[in-house]
Amino acid sequence: MFSEFSSTIHRAEARARTPQGLRARHATREQRHHHPDLTKLAGWKAMRKEAELPEGRWAEERAWALRMGLTGADSIDDKSIPTFARGELPHYAGINTFLKAPYTEDVLEVANYDATVLGIPFDGGTTYRPGTRFGPQGVRKISALYTPYNYEISVDLREQMTLCDAGDVFTIPANIEKSFDQISRGVSHVFSSGSLPIMIGGDHSIGFPCVRGIAQCTSKKIGIIHFDRHADIQEKDLDERMHTTPWFHSTNLPNVPAKNLVQIGIGGWQVPREAVKVARERHTNIITMGDMEKMGIDKTIEMALEMAWDGVDMVYMSFDIDSIDCGFVPGTGWPEPGGFLPREALALASGVAAEGICGLELVEVSPPYDTSDITALMGTRVIVDVLGAMVSNGTLGKHKRHIDKPVTLPHGAFEGKRWSNDAPHKVGE
């Protein structure tokens, strides 16, 4: 019987090797693995969408680089390459601003830009391990890895918006309240100019002075969407306004209602009961990590926007990098397992930003604890995805119409250029 069975198998294999058998197998394989219509794939659409993007700003930057950095050596075939590195390229060289954007040494010039990055190197509100004072440096450094273009959403930030880096707020390491005053002052200046403030922290205590800086420039109401593993809404921690307290004090401001505070990702073993009591008393809104998993990303975004925007005019976004699972972001002051996966975090932040925001803070990146800059890189990605979402949805600048109480800050008197002479090479004459 075995011999008969074996012969049957051999006959079947022989038939399969005939031209008719090969054609039949090919037809079956085609039917089983038929490819979808490529024109319906996002990659196909994005490839064609790129052709519709302008290129004028990139041409301007190359011309600017040659003017500021001299033309390249005669042996260089690419005549757009200067002698001194200027602008985006090469990614490993140059003086790092965020995304190699222009540095507005004169902060009065921020009014010329749609968005302004400002670093807030302050970790005086940290209650466990410090280091986030180096967050702005870390994020700026790794941001050089990026271009302003995103293939999937067909957005080129260089071509479709203007961006500058105003440098860092001068914080006072040993004094929380003086640092808060400096932060509010800096944020209010940028917001009053009409430019969207993008704050890179720093620990999460900066949330309060950042919101206060915006709130004092408008009579309109502001909601807050906060991504974190921690509630950060108790009144004090270690007898001070620390990085666990920003939303208690923010929601004490007259035009920042507590009912419009939405916190996403809260949970784990690092949420103090003091914070839970305040959240309950003030009727704030908490969406846990488990809630997000059950509802899905789209429903979470929908609920967060509905609650944050209910009866207000603007929404502020606060993104704590430790909301992402610490396996992906080790460089933070309060690492916690069980957080967002990177793709979840980016989708949530982009979905919220698509409606338009009045400010963004990215906090708790701590380079001394980072590995291969991956935490700082994730922070960079959050910022550019938020900007990309607003550009893509036409909501960048939506906040401007609500600036009805702009501040005007005095500046010092100075003529000339720093560290320069009226004529060159005076020393040694």
- [ ] Assess whether salt bridge (Lys or Arg N to Asp or Glu O under 4.0 Å) is satisfied between Lys277 and Glu274, documenting all intermediate values.
- [x] CA-CA 5 Å; Lys277 291 173 183 176; Glu274 294 88 346; over 6 Å; no
TODO: May I have the step-by-step check of side chain to side chain donor-acceptor pair (under 3.5 Å) for Thr380 and Ser143, ending in yes or no?
DONE: CA-CA 6 Å; Thr380 299; Ser143 76; 5.2 Å; no
Task: Worked verdict on Phe227 versus Leu348 for side chain to side chain contact (heavy atoms under 4.5 Å, CB included) - done: CA-CA 9 Å; Phe227 295 94; Leu348 288 163; 3.7 Å; yes
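Side chain of Lys398 to backbone of Glu355: a donor-acceptor contact under 3.5 angstrom is found. At least one donor-acceptor pair under 3.5 Å links the side chain of Thr218 to the backbone N or O of Lys220. Not a single donor-acceptor pair under 3.5 Å links the side chain of Ser192 to the backbone N or O of His189. Counting only distance, with no hydrogens or angles, the side chain of Asp291 and the backbone of Thr288 share a donor-acceptor pair below 3.5 Å. At distances below 3.5 Å, not a single donor-acceptor pair connects side-chain atoms of Asp310 with backbone N or O atoms of Glu306. Between the Lys100 side chain and the Thr97 main chain, no donor and acceptor come within less than 3.5 Å of each other. Checking side-chain atoms of Glu344 against main-chain N and O of Leu341 turns up a donor-acceptor pair under 3.5 Å. Ser350 places no side-chain N or O within 3.5 Å of a backbone atom of Val386 that could act as its donor or acceptor partner. Glu364 contributes no side-chain N or O that, together with a main-chain N or O of Asp322, makes up a donor-acceptor pair within less than 3.5 Å.
Because its NZ or CZ atom is both nearer than 6.0 Å to the ring centre of Phe248 and within 45° of the ring axis, Arg282 counts as a cation-pi partner of that residue.
The shortest heavy-atom contact between Ala347 and Ile301 is O-CD1, 3.6 Å. Scanning both residues, Tyr316 and Leu360, for their nearest heavy atoms gives CE1-N, 4.3 Å. Shortest non-hydrogen contact noted between Thr71 and Thr83 is O-OG1, 2.6 Å. Across every non-hydrogen atom of Gln234 and Lys236, the tightest pair is NE2-O, 3.1 Å. Here the shortest heavy-atom pairing between Cys217 and Val407 reads SG-CG1, 4.2 Å. Arg241 approaches Ile176 most closely through the heavy-atom pair O-CG2, 3.9 Å.
Within the model, atoms SG of Cys164 and CG of Asp114 stand 9.5 Å from one another, a figure rounded to the nearest 0.5 Å. Taking CG of Asn175 as the reference point, atom CZ of Phe122 lies at 8.0 Å (rounded to 0.5 Å).
Salt-bridge annotation for Lys299 and Glu302: present, with a side-chain N of the basic residue lying under 4.0 Å from a carboxylate O of the acidic one. A salt bridge links Asp168 with Arg140: at least one charged nitrogen is closer than 4.0 Å to a carboxylate oxygen. Glu61 has no carboxylate O lying under 4.0 Å from a charged side-chain N of Arg86, or vice versa, which leaves the two without a salt bridge. Here Arg158 pairs with Glu88 in a salt bridge; the nearest charged N to carboxylate O distance falls below 4.0 Å.
Side-chain atoms of Ile357 and Met390, non-hydrogen and from C-beta on, do get closer than 4.5 Å to each other. Side-chain contact between Leu261 and Ile233 is present, with at least one heavy-atom pair separated by less than 4.5 Å. Using a 4.5 Å cut-off on side-chain heavy atoms (C-beta onward), Phe319 and Val363 make no contact. Taking the side chain as every heavy atom from C-beta outward, Lys141 and Asp373 approach each other to under 4.5 Å. Side chains of Val382 and Leu346 form a contact here, defined as non-hydrogen atoms less than 4.5 Å apart. Within the 4.5 Å cutoff, no side-chain heavy atoms of Ile120 are placed close to those of Ile200.
Ser80 and Asp78 are linked by a side-chain donor-acceptor pair at a separation below 3.5 angstrom, with hydrogens and angles left out of the test. Under 3.5 Å, the side chains of Ser366 and Arg129 contain no donor-acceptor pair of N or O atoms. Under 3.5 Å, the side chains of Ser179 and Thr171 contain no donor-acceptor pair of N or O atoms.
Annotation for Phe84: atom CZ does not count as buried by contact number, only 12 or fewer foreign heavy atoms lying within 6.0 Å. Atom CZ of Phe414 has more than 12 heavy atoms from other residues, nucleotides or ligands within 6.0 Å. Residue Lys417 qualifies as open at atom NZ: its count of foreign heavy atoms under 6.0 Å is 12 or below. More than 12 heavy atoms of other residues, nucleotides or ligands sit less than 6.0 Å from atom NZ of Lys259. Residue-environment remark: CD (Glu50) exceeds the threshold of 12 foreign heavy atoms within 6.0 Å. When the shell of 6.0 Å around CZ of Arg343 is examined, it contains 12 or fewer heavy atoms from other residues, nucleotides or ligands.
Ring to ring, His399 and Phe191 are close: their centroids are under 6.0 angstrom apart.
Annotation: side chain to side chain donor-acceptor pair (under 3.5 Å) contacts of Lys400 (sequence neighbours excluded): none.
The side-chain hydrogen bond (donor to acceptor under 3.5 Å, both in side chains) pairs that include a residue from residues 323-339 are Thr127-Trp334, His243-Trp334, Gln270-Glu336, where partners are two or more places apart or lie in different chains. Within the structure, side-chain hydrogen bond (donor to acceptor under 3.5 Å, both in side chains) contacts touching residues 198-213 (residues at least two apart or in different chains) are Thr126-Asp203, Asp181-Arg212, Ser184-Arg212, Asp203-Ser205, His204-Asp228, His204-Asp232, His204-Ser318, His204-Asp320, His204-Glu361.
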